[in-house]
Structure formats: structure tokens, C-alpha cells
Amino acid sequence: DDVLPFRYGAALANEIERRWQDRWAAEGTYHAPNPAGELSGGFERLAGRPKLYVLDMFPYPSGVGLHVGHPLGYIGTDVYARFKRMSGHNVLHAMGYDAFGLPAEQYAIQTGAHPRVTTEANITNMRRQFRALGLGHDDRRSVATTDVAYYRWTQWIFLQIYHAWFDPDAGRARPVGELVAELEAGSRLAVDADHPDGRPWPELSPAEQRGYVDDQRLVYRDEAPVNWCPALGTVLANEEVTAEGRSERGNFPVYQRPLQQWKMRITAFAERLADDLDLIDWPERIKAMQRNWIGRSLGARVEFPLAHDPSRTITTFTTRPDTLFGATYLVLAPEHPLVADIVAGSWGEADPTPWRGAGLAGVIEGVPATGWESPMEAVAGYRRYAAARTELDRQRESRVKTGVFTGAYAVNPTNGEHLPVFIADYVLMGYGTGAIMAVPAHDQRDLDFARAFALPVVGVVRPPDGWFADRGLDPDAPAAEWPEAFTGPGAAMASANQGVNLDGMATSEAIATVTGWLASVGAGEATRTYRLRDWLFSRQRYWGEPFPIVYDADGQPHALPESMLPVTLPEVDDYTPAVVGDDDESVPVPPLGRAAEWAEVTLDLGEGPRPYRRELNTMPQWAGSCWYYLRYLDPGNDDALVDPAIERYWMQGPGAEGAASGGSGGVDLYVGGVEHAVLHLLYARFWHKVLYDLGHVSTPEPFHRLYNQGYILADAFLDERGVYVEASEVEGDEESGFTHQGRPVRREQGKMGKSLRNAVSPDAIGAEYGTDTLRLYEMAMGPLDADRPWSGRDIIGVHRFLQKLWRNLVDEATGASRVVDVATGDDLRTTLHRTIAGVAADMDGLRFNTAVAKLIECNNALTRSLAAGDGGVPREVAEALVAMLAPLAPHVAEELWSRLGHPESVVWAPFPEADPALLVADEVEMPVQVAGKVRARVTVPADAGEAAVEAAVRADPAVLAALAGREVRRVVVVPGRLVNLVV
RNA sequence: GCCCGGAUGAUGGAAUGGCAGACAUGGUGGCCUCAAAAGCCACUGCUCGAAAGGGCGUGCGGGUUCGAAUCCCGCUCCGGGCACCA
């Protein structure tokens, strides 16, 4: 480099990069103006442009900093944002920090350092790394969820949700004040008038009125079994617990414990959260995951009167009401509230011993070989057994069916048959009604249970003949002999009574018919149910948003008025969460309980100064990430979470991507990892819908288009013990074998990160090649949505490209420009304009890898043209190449742009436009296939008709040779592409 | 078990009904150099052949089509999601 002072190497690249980063910061190059308010400076200049909101899933500011896998999506959105800005959009692109959460708190527990101190240090470091990557964020809009000025509005939104209820008639959230007004006016009754306990509003006591309203709120307190994670010292939402019953973060065991916790009524929005997926442009797999998680299923509620007390019924949910005539028993979830009421005093003489729990003698301690002595004991014993089992136990023993008989019978409403009522843990309290009608002939789980408990199997849907044949059965074999349940659709049979006859009907028709009959006799109705549960919203941790809630002397919660926001997080001397043993039934006290002076306050909430105790739980980390995309729009607003005019401008229109293509509005492009499919992305949609219903935002969905970037993978190495060793210290190669400190290690590939000890720092790559090379490499290595392995070997390729392009434009010895003001040669000009068209289309479609390839090809064409002695580099080619490079490698592009004589930044330069006349050639070379194989090429005028092409082909000597005298049976001419002669 | 992806040279990948392997890495040879690095040039799917040229080739087996990596049917393997959800 000392011989060639202007060669584009690491030293020069780093100097250029630092210089331009300083200038961008000084000039506010990436500031996107708002239509109003304090950030509106410069808006008039851009007022005619369409808006574009490009968003990244913001990071948690981790202490170890970024590795090269982290910024893949950030670079992708940056390239896209820059391209769209050059293509005439007003582009909003900002970055914030999701800074509440466990790691800073764990670090604080270990070291005593305040989480705020470490968090701010980490944010500073991350900002430095983002700046060093050349990401063009509007840094005036950067927010951290831990900023008091930010979480004040998180608390404000909480209050909005708290003060709202879901009106099922309107299908939307409304202010609780409107509910109270309707109740007081008498236009709405406190409870269903048909209900035996139904009473009009004025007859309720103040406490009852309050209790009723609290039960309607979208935020409510619930005493129910929750996911308690002792290792984390907190409860967790269902979305944060894995299928194995462990915490999503840290993989610690999770136990079910009844605790009183705050919840959000996300289930009220299940229907809209599922339906509105059709409005948005998201990857099908993410939509599928959300649909699956919401778990809508259509069916019917069916009421079974108790045999000994027909005035009371067991309510079941089924998706197959057409099989009702085949129900032979009922099952309640063990914790179903009705169980205690219906359990019989003693066994019936004929009750088989398995019904009494004999089969559990070896499984549960203290069960006699002939089962429990009475239904009471059986139910109590089985409930204890079921409650003690973890998710993991259930998985391990999976399909083995257990349960006991309650001694009670219910009546099948179709035929009056008395059906024994069991409790069994294969029925879950949290789904449907927590009770099922069992139809063993047509449900495999019910059949397994029926076989274990000697219950009858009655077929009421006739399988097709092939079903019998496949199983070697006689087509007349009764259901009791079937080896498995028939769960498919078929013709109903043995399903008639005096009121309804399903026999012969197809399943769908039978479902509709029997559901109508059930409704007509008051024994049921069509309904739908969801797998989704309400969102458990409180955490027993320190580093989160405090609730704007206090409790009075009676323990009643009160929401604080807006004027008392923010409720700031107090100082504590110990951040350790409550340590409670796995079997300890005591209620854990969160760390905020140690801030006694903060917790005990005297406030005037309208009834004069009184003592209150603050809520000691904090909000989950998802709270702050539910709405940050709104705060970017208007980050300094102290009067509202976002100014409505600014919100409409960025979220609604006149952007091309949002409003035009589906009607959902929202962020035009949201890029992030797939791991938030049912966490952040579901919670944020829920909050957004509440805010929409209450009139605080103007679009029904927050994110119009979602895109999942892939992960960067890297080689990881394990020693003999199976422990990961530092990948950067491993020596050797595939053939000679890999070693670490002299000992052999084994290679595997995994997601780059701290845990696999295979992280590669962007700082190191930047120092070795420059940031532009790193950016370009990450974009060139494959499609943005694909996982791809990091290769230290391949990165040199894009570095060479930048070097070659630089060398074509700048004399490496003198620094003089090699650009001349001459007309571009025809061939080069055609190549250039095809490149422009291709690169623009690729960037628009986020296909940055092929865009880079096209730029390399174009530069190679320029190199060849120079080698052929074409004088200097025509200005047209140089300017277009630099402008096209600018979104990908902005620093070197700025430097070259400036050396081309432009005092203004290339960031705001228009993207080159292709001359359409140059995209169509005068002549085309068409391959000629004979019998499907390419045998010749003919060159014809581009506008030649089929007949002219055919004539040229038939006259071509190579074609004649390939035909070897064979007769041409058919000629296929694809104009401009290819000719196929069929022989 | 159900649902969703994926499989192309030594490697990352390109081509989404029309010339398979763009572009890049790696490799081989050459130029330059005292030498090395860098750079430049050429070649680089497999195979038969001295060459000209031929044959084969996009996980496997079928099909549709003048024509299939691409569409359809049936498999195999890999990855992801869900899973006693009535």
C-alpha cells in the first residue's frame, strides 16, 4: 500500500469510512422529516414524495456487543431504505433498544451494578457499532424502552387497556366508561337476564358493581394455575414456555402454581387476530404459526343434564356434534369446578375396578389393588396425582390414558342414555369447556380410554369400504371390533330419534342438522373455541416497567390517573428475585417489595389523601416492544404517545406499500427473526388493535409487510468432553483434522453466537477489510431470507470488487480521476443500462445478492473495455455505478461521488434510470434446439416474425447437419428466446 | 402423527416453464517479479476422446409438455413449527 497510496485497502477504507460517518452525523444526512411537529424541518422539500416506513426488530443491548450475524437484517433494511430514498421516497428508518429484561438484571444480581448503568453502557457500545456499520438511521428518533420518557407511555397504554372492555356485540374494545353509562341507563343489564342470578345494575351493591366492571376489563387480576419458574423467580406467559414445559429463556423447569396475577384479555381479540392475517403481507409460515397458536376451531356446545339432577348440566365442546349418538361417556378435566358437586358418595355395585382406579395402584402411592374405596377418595387422589404431574411427565408417558369414575351419570340429549362421567387428565381445563363427550368409535383418544376402562364403542359414521379393506376387516364389522377409531368424514348411521334423523347424511350436513336440532331443544348451539389463552402480564422481577396500579387498605386495586405518570422504578439494594422452593406454597415477593418507601404511598385518588401500597410486579419485556414503532414517529412528544397527524402520515399513506396493497396500513417493511412469531408479533398486534379501537392509531394492523431474514451460521468446535471451544483458536482443516491447543476437536455448524463460541466480530472484519466490504459481503452471500454459513474465505471476493471498481475510477498511484467526459461505447452503454434496470428491480425485491452480482458484471465489462484501449472511464458509467453502489457500500460510494465532483451527498442523489431503448437489442442470438437439445445458434433481428425466424433456422448449416435429413414435424418459435425443432 | 420449508459443481449460490451452473470463493496453468504477495489473463459439472465432437447431469421414481431444476403424483433425506386442543 505504501507504493500505491490510493489503493483501496483496509487502511484507506477505514479512513474514508470514519470521515463520512462524521460528516453524516454532522449534517444529519439521515433525518427524515415529519409532516408536523418538532421534527418537521425540511418537510416541504420532500412533501411530494410517497412515504416509506422501514423497520427492524430492535435489539436487546447485550453486553458482549454484536457479532456479524446480528446486523444481517439491519444491513438489508439499510440498503432498501437507501435505495428507496434515492428512488424518491421519504424514508423513515430508525433504531431503538429493547432494554428491559433479564440479562442486565442477572448481571446486576451478580455484581451489584445497577441495571440502568450497564444497560446504558451497552447501548452506547451498540450505537457505536451501528454507526461503524454505516447504518443510516435517523438518530433523533432513537428510543430505549427503559427511558422514563418512553415507559411513561407504556404505562399510559396499560391504562388505556385497563380502562377498556370488549363489547362482543360491536366486536371491538370500548372505554369502560361507556359500559358503565349503558348499565346506569338500563340499556345493558349487569348479567344475562335469563341467568338465575341475573339482576339489574341498580340492585347490585357498590362492591358487586365494581366487581362486575373489573371482570369486564381488558386487564384483570386472575387467580389461576400459572407457569411458575423458580429458577427465574417469576411467572411466565404460555408463549414463553416451551413444549417441553421449560422456560423459553434459559431452559429452566416450569411448574403450575395457582397465583393471583395480572392478565390481558387477548382472547377477546382471537377472532380478529386470526381473520386479519388475511390483510397483511407476511410469510405464510408465520401466519400459519399464529393461526396455529390462536387455534380457532369450529364446533358446538352440547349440554348433558345430570342423571340425578336434570336441572343442572355439564357443558361440553365438540367439533363433531354429528357423532353425538355415539357418545358413550363424558370426561371432565380433573380440576373442573363441577367435579366436587357431582361426585357420588359410594361406588355402584357394578362399577368395574378400573373405574375405581385399580389400574393406578402401581402408579399412585396408597391406591389399593382394587382401587379407591369411594368416588370421593378416587377423585381426591386422582386430582392430587394430576396436579403434581408436570408437562414433562405428561409428555414422557404421553398416550397412556388414566382417569377415575366420579360415580355420576349424565344424559345423552339425543337418546336419553345414561353416560358415566369420568375425570381424566387427557381433558384440559384450559381448552373448550374443560369437558368432553367421548365418542370412542370416532376419536382415537376416546377409543384408547374406552379400551382401558371397558366402555362401549358405538359406531355412528360409516367408513368407506376401502377403510375396512385396508385393515383386513369385514365391511360389516361392528365398531367394537375396529382396531382404531374412524375419524374421517362418512355417512351418518344409527343416529335418529323422534326429533332428528341424520342417517345417510354426509358429515358436514349431519353437523349442521344436529346443531340446529340441539339449538331448537335448548341443548346446545354452534360455537367456536380457541387455543389461545389470556396473556399473563405480571413478572416478579426488578428490571421492568412498574404498573400504574396501587392497592387500598382493603386490597382493592386502583389505576392511577394519567397525571401521576410516570411511575418510576425505585432504587433497591438487592435485585434478587424471590427465591421460593418448588413445593413452597407461599406467595413470592418481588424485588420491588424491598423499596418500602416507594411501595407505601399516600395519594389522593379523589377521596382525599389515603395510604396505598403500590403494585410490586413489573411488566414483561414484551410490553415495551409492543409499541416502539409508534414512538419512533414522534419520539419527543410529551402530550401524546404520537401526534395523530404524524401517525397517519407514516402508518397510512400516501405510501405505496401499505395502503395500496391490502388495506391494513402500517409499517411498510418490518424485518426480523422468525423467533418472535407468536410472542412479540402477536402481542404487538393485540395492543395495536386495542389502540385502534380506542382511536389512538388509524390502522387495524401495525406491520403491513413482514420479512424474516435468515441466520448466519458458523463452524463450531467441540472437544472430547463435548464442550465448545473458541472457534477462532482452532487450527487445521478438514483433511488434516481440527485441533484446539493441540487436542483434536470435532466440527459442527450452528447459529453464530456466544453459546457456541463461534462469534465473529464486525469490528474485526471492519478493521481487516473495511465496513463496506462487510456490508457488501453480507448482502452478496445469499438471499436475505436464507440461513447462510459465514465464510472467512469468500469475503475477499467482494473486497476485490470494490478494489477493482475503485481502481477503474481512481489512479492508485496519484489519486487522480480516471473519468473522462466522452460518450460511452455502444456495448458498454447497453451493459450499463441493463445493469441499471436489473439492479433496481433486484433491490426493490430485496434480492441484494443478485444485485451485487450484476454490479460486478458491469464493472468487469468496464474493466474489459478499458483494457481494450477505450481511453478513460466515461462519466455516465462512473456516475451510474457509484450511485448504484451507494445503498450497499455507502462510504466508498460517497468518496467516489465526491471525487466525481459532487459536493452533495450521494445519499440524496437520484437512483440511475435505465434508458428503455437500450433494454431491447436490435438483433438477438437465439439457441436452436433439435429434439430438445441445443445444436446451433442463429442471429436474427429482434422483431423478426416466427416465419422469418423459421426460415433463418432452416437455412442454417449447423441445423441442417444436426437434422441429418430427418423430417421436422413441428417448429416451436419462442420470439426472442429460442427455437425448438421437433423431429 | 399433522403443518410449513428445503435438496443444483469442491464451496456460497444463479436461473421459477425456454441455452443449467450467472456472480463469487477455491483449484490448475500462464504473464509480471531476483523472489513472494498483490494484480492481470486463460481454464475449471461429470465422463468418453489426441482433437473435432459425443454421452450424462439439478436428492430418488413416475407423469404433463415441443421443451421441466422450475408444474403434477409418489418416495427418501435434511431443517423448522405444532402435537392428548375434543
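Predicted model only: the values in this text are computed from it and were never measured. In what follows, chains carry the letters A, B, and so on, assigned in the order in which the sequence lines appear, proteins first and then strands, with residues in each chain numbered from 1.
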Could you list, one pair per line, each protein nitrogen or oxygen that sits under 3.5 Å from a nitrogen or oxygen of nucleotides 13-17 of chain B, together with the distance?
unit_1, atom_1, unit_2, atom_2, d
B:rA14, OP1, A:Asn849, ND2, 2.8

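- Counting any heavy atom pair closer than 4.0 Å across all strands shown, A:Arg935 reaches sugar-phosphate atoms only and no base atom.
- Residue contacts shown for A:Arg793 include a base, since a base heavy atom lies under 4.0 Å away.
- Evaluation of the salt bridge (charged side-chain N to carboxylate O under 4.0 Å, His left out) rule for A:Lys287 yields no partner, not counting sequence neighbours.
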Note to self: Checking A:Tyr329 against A:Phe449 for the ring-ring contact (aromatic ring centres under 6.0 Å, His included) test, could you report, in this order, the C-alpha distance in whole Å, the side-chain angles of both residues, the deciding distance, and whether it holds?
What the structure shows: CA-CA 10 Å; A:Tyr329 63 102; A:Phe449 190 88; 5.3 Å; yes
Next item on the list: Applying side-chain contact (heavy atoms from CB on, under 4.5 Å), run through A:Thr402 and A:Tyr382 and close with a yes or a no.
Entry: CA-CA 9 Å; A:Thr402 61; A:Tyr382 188 77; 2.7 Å; yes
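- Across all strands shown, B:rA42 is found opposite B:rU28 as a Watson-Crick or G-U wobble partner, with both distances under 3.5 Å.
- Among the atoms of the strands shown, base atoms are found under 4.0 Å from some heavy atom of A:Val972.
- Among the heavy atoms of the strands, none lies under 4.0 Å from A:Arg969.
- Within 4.0 Å (heavy atoms only), A:Ser297 reaches sugar-phosphate atoms of the nucleic acid but no base atom.
- Here B:rG1 presents its P atom at 13 Å from CD of A:Glu484, a figure rounded to the nearest Å.
- We find that CZ of A:Arg531 is positioned 7 Å from C1' of B:rC82, with the value rounded to whole Å.
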